[in-house]
Amino acid sequence: MSPAVRERPTTGQPATVDADPPVQSRRERLRDELHREVLDAARHQLAGQHGLSKLTMAAIAKEVGVTPPALYRHFENRQDVIAQLCELIVEEVLDTLGAAVARQEPGDVGAALVASTRASLDWAVRNPAEFDLVIGSGISAELPESRDLQRRMAEMIGGHYVPLFRELAASGIPFPADDELDPELAGQVRTYRDAVGGQDLPLGIAHLMVTSWRQVYGLQCMAVYGHQEFAFGDHVALHEDLVSSLLVRFGLDPHPTVR
């Protein structure tokens with residue numbers, strides 16, 4: 001990554017450039033390389049025939065070609081590997097969604113939402129084991145004390161959608177007033193909104209964000225876990241119908257031009 005250029009100060013002094021990062025030693029490079037290999041092996045074990053239940057430090061060490069004790073110099077335990085793998089997977093999802101949004105016409109929120117949710121569905125279907133770990137039941141089953149991690153992952157994914165719903169709020173779409181929401185639900189929505197970096201969002205817009213995700217998530221679970229597969233083979237038509245209905249709810253064109 002190229003060095004970041006700071007903004008030119010108002011004092012008239014020339015802008016400065018951050019110094020290049022320090023050169024890593026051979027030991028540090030080998031450490032980082034092993035770290036990446038361990039996470040790659042863990043994901044391979046997860047996505048392969050073995051599944052999450054067979055994801056052990058011994059299996060990872062065998063695939064990487066080191067002894068199990070060597071792994072504990074880089075990871076505290078199996079749960080630490082899984083936690084770091086979760087964040088790595090979420091970063092991949094965000095890269096995928098960000099690329100989908102970047103292809104759309106700037107300011108076309110409808111197209112951005114369609115492209116983003118469709119990219120999310122496609123990723124989930126291609127990566128069912130990863131979906132189950134980070135969005136399904138895997139993370140709570142494997143990491144019962146993972147509240148902080150789940151909050152971090154919600155912050156990462158929510159951070160992708162908050163700017164889009166911020167644009168929706170600015171467009172003047174109708175949304176529930178605070179006192180129209182059930183007080184208990186309003187408190188939960190406020191906690192979620194603040195956790196994902198949307199403190200400036202009206203509570204009603206955050207409510208729309210959560211309830212929209214509720215529907216999208218349900219459809220993705222249908223697709224990944226094969227629910228009603230006898231009728232909805234690839235779930236694409238059902239997905240398009242769902243997203244179109246959400247856009248109508250937002251007062252947007254239900255069939256935007258998506259690139």
Say whether [X] and [Y] are linked into one hydrophobic cluster, either directly or through other cluster members, by side-chain heavy-atom distances under 4.5 angstrom.
X: Leu164; Y: Leu246; value: yes
X: Ile157; Y: Val109; value: yes
X: Val248; Y: Ile173; value: no
X: Leu55; Y: Val81; value: yes
X: Leu133; Y: Tyr217; value: yes

Determine yes or no for a side-chain-to-main-chain donor-acceptor pair under 3.5 angstrom, with [X] supplying the side chain and [Y] the backbone.
X: Glu180; Y: Ala177; value: yes
X: Arg193; Y: Leu201; value: yes
X: Glu87; Y: Ala83; value: no
X: Gln104; Y: Arg259; value: yes
X: Asp108; Y: Ala111; value: yes

Residue pair Ser116 / Tyr161, side-chain donor-acceptor N/O under 3.5 Å: yes
Trp123 versus Glu92, side-chain donor and acceptor atoms under 3.5 Å: yes
For the residue pair [X] and [Y], what are the closest heavy atoms and their distance?
X: His74; Y: Leu34; answer: NE2-CD2, 3.2 Å
X: Ala129; Y: Leu46; answer: CB-O, 3.6 Å
X: Val196; Y: Ala154; answer: CG1-O, 3.3 Å
X: Leu121; Y: Ala223; answer: CD1-CB, 3.8 Å
X: Phe165; Y: Ile205; answer: O-CG2, 3.6 Å
X: Pro176; Y: His207; answer: CG-ND1, 4.1 Å

Between atom [atom1] of [X] and atom [atom2] of [Y], what is the distance when rounded to the nearest 0.5 Å?
X: Thr67; Y: Arg73; atom1: OG1; atom2: CZ; value: 6.5 Å
X: Glu155; Y: Tyr192; atom1: CD; atom2: OH; value: 11.0 Å
X: Gln45; Y: Asp40; atom1: CD; atom2: CG; value: 12.0 Å
X: Ile82; Y: Ile89; atom1: CD1; atom2: CD1; value: 10.0 Å
X: Leu252; Y: Leu113; atom1: CG; atom2: CG; value: 7.5 Å
X: His160; Y: Met156; atom1: NE2; atom2: CE; value: 12.5 Å

Output field: ring centroids Phe75/His35 closer than 6.0 Å: yes
Worked verdict on Glu63 versus Val38 for side chain to side chain contact (heavy atoms under 4.5 Å, CB included): CA-CA 9 Å; Glu63 181 165 335; Val38 169; over 6 Å; no
Test side chain to side chain donor-acceptor pair (under 3.5 Å) applied to His239 and Gln220, step by step: CA-CA 9 Å; His239 172 269; Gln220 290 185 359; over 6 Å; no
Are any of the side-chain heavy atoms of [X] and [Y] separated by less than 4.5 Å?
X: Asn77; Y: Asp80; value: yes
X: Gln228; Y: Met222; value: yes
X: Val114; Y: Pro256; value: yes
X: Gln84; Y: Leu149; value: no
X: Leu71; Y: Ile60; value: yes
X: Leu143; Y: Gln150; value: no
X: Asp132; Y: Tyr225; value: yes
X: Arg43; Y: Asn127; value: yes

Partners passing side-chain contact (heavy atoms from CB on, under 4.5 Å) against His255 (at least two apart in sequence or in another chain): Ser244, Asp253
Lys/Arg-Asp/Glu bridge criterion (N-O < 4.0 Å) met for Asp122, Arg118: yes
Verdict with reasoning, Arg249 to Leu208, per side chain to side chain contact (heavy atoms under 4.5 Å, CB included): CA-CA 9 Å; Arg249 183 184 181 190; Leu208 287 179; 3.2 Å; yes
Other residues, nucleotides, ligands: >12 heavy atoms within 6.0 Å of Arg151 CZ: no
Asp32 and Arg36: CA distance, side-chain angles, deciding distance, side chain to side chain contact (heavy atoms under 4.5 Å, CB included) verdict: CA-CA 6 Å; Asp32 290 348; Arg36 289 191 298 270; 3.9 Å; yes
